[in-house]
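Okay, so here's the structure we're looking at.
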Amino acid sequence: MKIERTDDSTYTIPRQGKMRVPGVLFADGRLYAGIDDGACLEQLMNVACLPGIVEASMAMPDIHWGYGFPIGGVAAFDMEEGIVSPGGVGYDINCGVRLLTTGLEKDEVQPRIRELIDVLFAAIPSGLGSHHREFRLSEKEMRAVCERGASWAVSKGYGDRGDLAHIEDLGCIGGADFEAVSQRAYERGKDQLGTLGSGNHFVEVGYVDQVIRKTQADQLGLYPGRVVVGIHTGSRGFGYQVCSESIEDLMPATRKYGISLPDKQLVCAPLKSPEGRRYLGAMACAANFAFANRQMITHFLREGMEAFFRRSAGELGVRVVYDVAHNIAKIEEHEVQGRRQKLCVHRKGATRALPPGHPLVPESCRNVGQPVLIPGDMGRYSYVLVGAPGALSRTFGSCAHGAGRVLGRNQALKATQGRRIEDELSRQGVYVRAAGRTTLREEFPQAYKDVADVVRVVEKAGLALPIARLKPIGVIKG
DNA sequence: ATGTGC
C-alpha cells in the first residue's frame, strides 16, 4: 500500500487498484505511528472503491477498525450514482453525545459526588439489555417517536421546548419511514427509550477544567469550575435490529445492481433504489429514536438532580449546550468543485462540524460555530470545540468524535486482569458506577488514545477550534 | 455497539 504525507495533519493514499477516489487520513506523525493495525487503512481504501463516492474516502485521527467502513470514517456519495451502506453508519444508529451545563459549581458537587452518582444510577436504566419496568411505547407511540424524535419526548413532558434548538437538526431527521421498521425492531425497542445501554456509553458528571477560548466558552456557558454533564448513548437494541435487518435486506441488492465489493461487509444499495430508500427510511426512524433517548435521559437527570439538591429546575439551570450524532448518514448539500451538490454523507464515528455563521448552527451560538463534542476516556478529559471553515471545505462539515481505541475489548480485558479499575479511578478523583461486571476493564483509560492528540490534529487541519477542556468527577457506565 | 456465539 502506498501512503504519502501531504502536510502536518494529512496523509493521502493515492488511487490504486479499484479505488475511484483517493483516501485521506487526518493525522500527524505521532498519531500515524500509533496506527499499528493496517486493517483500518485497508477499510479506508475499500470505501474509496464504492460507486458514486465524491472527492475522497476520509478518516479522522480517531480511526480504528469497524464493520466494513472504518470507525472515524467520512464518505459522501452522489445522489444519482451513489450508494448508501449500513456499514457506513454502524450498528448503533445515531450514537451521539449531548452536553449539559448547570448552575452548579464543582466545589458544591464534588464532596457529594458518590451520593449523586448513586441517585442518577438508580434513575437511569443502565447496562446490557437495560429497559424500563413500566414505561412502554405502544406501536402508535413508537411511530411518533420515529417520526418526531426529541420533540416527541418534549411534547410528553420530558424536557423543555428550549432544549430542541440545541440539537443537531432540532432532534429530528427527515425521511423516517415507519413501514420500513419490523415488528421485531419495535418489540425490542418499546421499553428501551430513556436507557443508557452498555459498552462505551456513559453519563458523566464533570466540570470545566480549562477554558481555551474565553469569548466562545462564555457564550456556550462554559465557565471555569462549572459543573457539566455529558451523555453518550444511541438507539439501543432498536437501532441494532434495524441495522442487522437492513444488512440482510441489502445483501441481494448489491448483486442485483451489479456493484462489486472489495469486502462483503460493505453491502450497499443505490441511493435511488427501493432498497436504498428503505434503509434510509428505517435508519431515520432509529436516528430519531436515539435523539428521543438522549432527551429522556436528560429529563431523568434533571428530576434526579432536583430531588438530590432539593432545588427547583430554574435554580439548577440544566441547559443543553449541544447534542450531536456521530453514527449517521444524511442527505446534505455541499460545494463540490465550485458547484452545489446534494450528497449522502456517511459519518461513522465522526461528528458534524459547522463553522460560525452557518444557518444550521443554533442562533444562540451562530457567531461561534456549531459545538463539536469530543469525549475522551473515563479518567482523563473531554473537549468542547466549535466547527471551523476547514470542515466545510475539506470534510463535508465533519470532525472527529472521540479518543479512538488503542486496545480492543479483549485486549483490554487481558491487560487489566485482576485489577480493580473503580479503585484506581477513585484514587484519581473519579467515582464510577457500572452495571456490567467487565465494562470498566474493557473501558479502562489506557484502552483509548489520549484525546488531546486527536484534538490537536483536527485543530491543525482547520476542522474545529478547541474551546474548553472538561474533567470527570463521577461516571455511570453500562 | 448488541437480549454478544452457526
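Residue numbering restarts at 1 for every chain, and letters A, B, ... go by the order of the sequence lines.
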Quiz item: To the nearest angstrom, how far is A:E245 atom CD from B:dT2 atom C1'?
Solution: 13 Å

Practice problem: Specify the separation, in whole Å, of atom CD1 of A:I247 and atom P of B:dT2. | Solution: 15 Å

Quiz item: NA contact type, A:E442, heavy-atom cut-off 4.0 Å: base, sugar-phosphate, or nothing?
Solution: nothing

Exercise. Write down the distance between OH (A:Y240) and P (B:dG5), rounded to a whole number of angstrom.
Key: 6 Å

Quiz item: So, A:H346 versus A:F396, ring centres under 6.0 angstrom or not?
Solution: no

Exercise. Cation-pi check, A:R143 to A:F178: give yes when NZ or CZ is under 6.0 Å from the six-membered ring centre and within 45° of the ring axis, no otherwise.
Key: no

Practice problem: Could you state the atom-to-atom distance from OH of A:Y67 to C1' of B:dT2 in whole Å? | Solution: 14 Å

Quiz item: side-chain hydrogen bond (donor to acceptor under 3.5 Å, both in side chains): which pairs involve residues 263-280 of chain A, sequence neighbours left out?
Solution: A:E80-A:K272, A:D249-A:R278, A:K256-A:E275, A:Y257-A:E275

Quiz item: Between A:N94 (CG) and B:dT2 (C1'), how many Å, whole number?
Solution: 16 Å

Practice problem: Can you tell me the distance, in whole Å, between the CZ atom of A:R236 and the P atom of B:dT2? | Solution: 5 Å

Quiz prompt | Qualifying side-chain hydrogen bond (donor to acceptor under 3.5 Å, both in side chains) pairs, either residue in residues 394-406 of chain A, two or more places apart | solution = A:T10-A:R394, A:D62-A:H401, A:R347-A:S398, A:R405-A:E443

Practice problem: Would you mind reading off the distance between A:K477 atom NZ and B:dT2 atom C1', rounded to a whole angstrom? | Solution: 15 Å

Quiz prompt | Sugar-phosphate, base or nothing in reach of A:H201, heavy atoms under 4.0 Å | solution = sugar-phosphate

Quiz item: Base, sugar-phosphate, or nothing for A:G90, non-hydrogen atoms under 4.0 angstrom?
Solution: nothing

Quiz item: With respect to the phosphate group of B:dT2, does any side-chain polar atom (N or O) of A:S198 fall under 4.0 Å of OP1 or OP2?
Solution: yes

Exercise. Specify the separation, in whole Å, of atom CG of A:L413 and atom C1' of B:dT4.
Key: 13 Å

